**Q** 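What follows is a structure written as structure tokens; I'll ask about it next.
Counting convention: from 1, in listed order, for ligands and their atoms alike. For clarity, every value in this text was computed on a predicted model and none was experimentally measured.
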Amino acid sequence: MTATIDLGLDLFAEIDRLKRERNAIILAHYYQDPDIQDIADYLGDSLGLSQQAAGTEADVILFCGVHFMAETAKILNPTKTVLMPDLDAGCSLADSCPADQFAAWRAKHPDHIAISYINCSGDVKALSDIICTSSNAVSIVNQLPADQKILFAPDRHLGKHVMQETGRDMVLWPGACQVHEIFSEKQIVQLKMAHTGAKMIAHPECEDDVLRHADFIGSTSALLAYTGKDAASTYIVATEAGILHQMAKLSPHKTFIPAPPNNGCACNECPYMRVQTLEKAYLALRDLKPEITVDPVMAAKALKPIQRMLDMSR
Ligand code: 13P
Ligand code: SF4
């Protein structure tokens with residue numbers, strides 16, 4: 001239950017004051033509510049957030065995102081206090097890959113290395129050789145010897161996209177993100193026809209049927225950068241709707257249409273990302289909890305493939 005907050009408090013000012021008092025940094029993902037995006041010291045995609053976490057000199061990291069992201073920040077910073085406004089922020093994709101099943105899958109492919117998408121638990125990271133994100137997966141696979149056999153987990157859509165981009169064969173874990181799987185190909189095609197000249201841009205976690213209509217495919221940061229420099233005036237955006245806040249800020253004269261889900265619900269908002277609120281962020285900084293904790297043995301093992309990713313992304 002959320003503790004009571006004086007309704008007269010200016011939460012933006014209070015968060016700013018507490019941040020300085022605690023020597024804290026606020027890291028946030030683009031899928032957060034606009035209020036949270038607006039208090040972030042750094043707003044970015046999964047790779048950018050890991051790089052910021054690896055380089056920060058702050059004593060406290062307030063991570064506004066989902067659990068695997070904050071856990072990665074803690075693995076990179078075992079001696080720092082890593083807070084998350086609400087610890088109950090999971091990820092359907094990470095949940096689709098339990099560590100014991102992943103270990104059994106690896107054991108069946110002893111001559112393969114395992115590349116795991118950062119959207120997985122610390123336990124799965126600890127069993128992996130290299131971590132990747134949507135912004136560096138193609139480049140990481142391209143850096144490996146051509147005859148290297150590869151297991152790729154847990155997102156099968158990103159895995160398929162990487163296979164198409166690199167021409168490599170990989171064995172894919174059958175996982176998927178519930179938000180990116182919900183977009184309707186039919187409605188996207190109808191929207192494209194209704195908005196002549198509009199570009200469709202998509203995150204590689206989307207299904208192949210959606211990706212094949214995309215004018216540009218990229219991580220959240222890459223999608224944002226694309227809309228900033230591209231000449232079109234309208235974009236159909238197939239990823240979590242939170243990113244539209246930054247797209248509109250970067251290009252206020254352009255129109256951004258969230259790609260429609262296939263059932264008329266608000267499923268293009270990630271229910272896990274959206275449990276974080278400004279009130280909970282304030283309380284976390286005020287009370288220095290809830291705190292992310294990790295098993296040190298797991299963390300030491302998981303650090304190696306994360307560090308390998310950072311080294312291969314310079
Ligand atoms: P990126 O921000 O790395 O593109 O990832 C998107 C995502 O689904 C995070 O959970
Ligand atoms: Fe996980 Fe999908 Fe939410 Fe990203 S958008 S945190 S992959 S459920």
Side-chain angles (χ1 to χ4, degrees), residues 27-33 36-37 40 42-53 63-73 84-97 115-122 124-125 131-140 152-159 161-162 173-183 201-207 210-211 214 216-227 237-247 258-259 261 265-276 306 309-310 313:
L27 305 181
H29 190 268
Y30 293 119
Y31 297 165
Q32 293 290 287
D33 272 337
I36 300 257
Q37 295 189 29
Y42 177 82
L43 183 66
D45 69 1
S46 307
L47 177 63
L49 288 163
S50 305
Q51 289 167 328
Q52 288 294 319
F63 207 115
C64 300
V66 289
H67 191 271
F68 73 80
M69 295 178 168
E71 185 180 56
T72 303
M84 195 161 78
D86 188 329
L87 287 184
D88 213 14
C91 166
S92 65
L93 179 53
D95 290 349
S96 74
C97 189
I115 302 182
S116 294
Y117 189 34
I118 198 163
N119 300 38
C120 64
S121 67
V124 168
K125 288 184 177 77
I131 301 305
C132 72
T133 74
S134 57
S135 62
N136 60 18
V138 169
S139 154
I140 284 177
F152 189 91
D155 191 289
R156 67 175 185 275
H157 303 305
L158 174 64
H161 172 70
V162 172
W173 182 270
C177 156
Q178 70 184 58
V179 178
H180 288 88
E181 267 203 327
I182 205 84
F183 297 116
I201 59 174
H203 194 278
E205 286 178 19
C206 293
E207 288 180 331
V210 166
L211 291 181
F216 179 76
I217 299 170
S219 75
T220 48
S221 290
L223 295 175
L224 176 62
Y226 179 80
T227 59
V237 184
T239 190
E240 212 270 5
I243 188 79
L244 270 69
H245 181 56
Q246 292 306 317
M247 290 177 172
C265 65
C267 315
N268 58 355
E269 288 186 0
C270 172
Y272 308 102
M273 287 279 182
R274 303 298 181 124
V275 299
Q276 314 298 1
I306 296 171
M309 168 186 81
L310 295 174
S313 307

**Q** Evaluate the criterion side chain to side chain donor-acceptor pair (under 3.5 Å) for residue pair Y42 and Q51; output intermediate values, then yes/no.
**A** CA-CA 11 Å; Y42 177 82; Q51 289 167 328; 5.7 Å; no
**Q** Looking only at heavy atoms, which two atoms of C97 and V124 are closest? And how far apart?
**A**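 Smallest interatomic distance, heavy atoms only, reads O-CG2, 3.3 Å.
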**Q** For the residue pair P271 and V179, what are the closest heavy atoms and their distance?
**A**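 Nearest pair, atom of P271 first, then V179: CD-CG2, 4.2 Å.
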**Q** Counting each atom of ligand 1 from 1 as listed, which ones have a heavy atom of S134 under 4.0 Å away?
**A**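 Going through ligand 1 atom by atom, the ones under 4.0 Å from S134 are 1 (P), 3 (O), 4 (O).
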**Q** Is E205 reaching over with its side chain to a backbone N or O of C177, donor-acceptor style, under 3.5 angstrom?
**A**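 No.
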**Q** Which ligand 1 atoms does S46 reach within 4.0 Å, using its non-hydrogen atoms?
**A**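 Answer for ligand 1: 1 (P), 2 (O), 3 (O), 5 (O).
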**Q** H29 near ligand 2, heavy-atom distance under 4.0 Å?
**A**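 Not so, H29 does not reach ligand 2.
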**Q** List ligand 1 atoms under 4.0 Å from M69, heavy atoms only on the residue side.
**A**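 It comes down to these atoms of ligand 1: 9 (C), 10 (O).
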**Q** Identify the two heavy atoms, one from Q276 and one from G65, that lie closest to each other, and give their separation to 0.1 Å.
**A**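 Heavy-atom minimum between the residues: NE2-O, 3.0 Å.
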**Q** Going by distance only, is there an N or O of H29 that falls short of 3.5 Å from an N or O of ligand 1?
**A** yes
**Q** Test your reading of the structure: does H180 have an N or O sitting under 3.5 Å from an N or O of ligand 1?
**A**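 Looking only at distances, the answer is no, because the N/O contact criterion of under 3.5 Å is not met.
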**Q** For S219 and S221, what are the C-alpha separation, side-chain angles and deciding distance, and is it a side chain to side chain donor-acceptor pair (under 3.5 Å)?
**A** CA-CA 5 Å; S219 75; S221 290; 4.8 Å; no
**Q** Looking only at non-hydrogen atoms, find the nearest pair between S50 and I118 and report the distance.
**A** OG-CD1, 3.4 Å
**Q** Do any N or O atoms from the side chain of K125 and from the backbone of C120 form a donor-acceptor pair under 3.5 angstrom?
**A**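 Side chain of K125 to backbone of C120: a pair is present.
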**Q** May I ask you to decide if Q37's main-chain N or O and Q32's side chain share a donor-acceptor pair within less than 3.5 Å?
**A** no
**Q** Show all protein N/O/S atoms under 2.8 Å from atom 3 (Fe) of ligand 2, or state that there are none.
**A**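 Short answer, with waters excluded from the count: C270 SG.
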**Q** Is Y30 in contact with ligand 1, taking contact as a heavy-atom separation below 4.0 Å?
**A**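 Per 4.0 Å heavy-atom rule, Y30 does not contact ligand 1.
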**Q** Could you tell me whether a side-chain N or O of T133 sits under 3.5 Å from a main-chain N or O of S46, the two making a donor and an acceptor?
**A**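 Looks like no, no N/O pair under 3.5 Å.
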**Q** Measure from the side-chain N and O atoms of W173 to the backbone N and O of S96, and report whether any donor-acceptor pair falls under 3.5 Å.
**A**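 Answer holds: yes.
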**Q** Could you label the plane-to-plane angle of the H203 and H180 rings as parallel, tilted or perpendicular, counting under 30° as parallel and over 60° as perpendicular?
**A** tilted
**Q** Out of all atoms in ligand 1, which are within 4.0 Å of some heavy atom of H203? Include the element for each.
**A** 1 (P), 4 (O), 5 (O), 6 (C)
**Q** Do any N or O atoms from the side chain of R274 and from the backbone of Y31 form a donor-acceptor pair under 3.5 angstrom?
**A**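 Looks like yes, one N/O pair under 3.5 Å.
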**Q** Below a 4.0 angstrom heavy-atom separation, can you tell me which part of E205, side chain or backbone, both or neither, approaches ligand 1?
**A**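 The part of E205 near ligand 1 is the side chain, not the backbone.
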**Q** Number the atoms of ligand 1 from 1 as they appear, then name those within less than 4.0 Å of a heavy atom of Y31, with their elements.
**A** 6 (C), 7 (C), 8 (O), 9 (C)
**Q** I need the atoms of ligand 1 closer than 4.0 Å to a non-hydrogen atom of N119, numbered in the order shown.
**A**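 Matching atoms, with element in brackets: 8 (O), 9 (C), 10 (O).
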**Q** Closer than 4.0 angstrom: is that true for some heavy atom of S135 and an atom of ligand 1?
**A** no
**Q** As an exercise, identify every atom of ligand 1 less than 4.0 angstrom from a heavy atom of D45.
**A** 1 (P), 2 (O), 3 (O)
**Q** Quick check: S219 and ligand 1, any N/O pair under 3.5 Å apart?
**A**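 No, there is no polar N/O contact under 3.5 Å.
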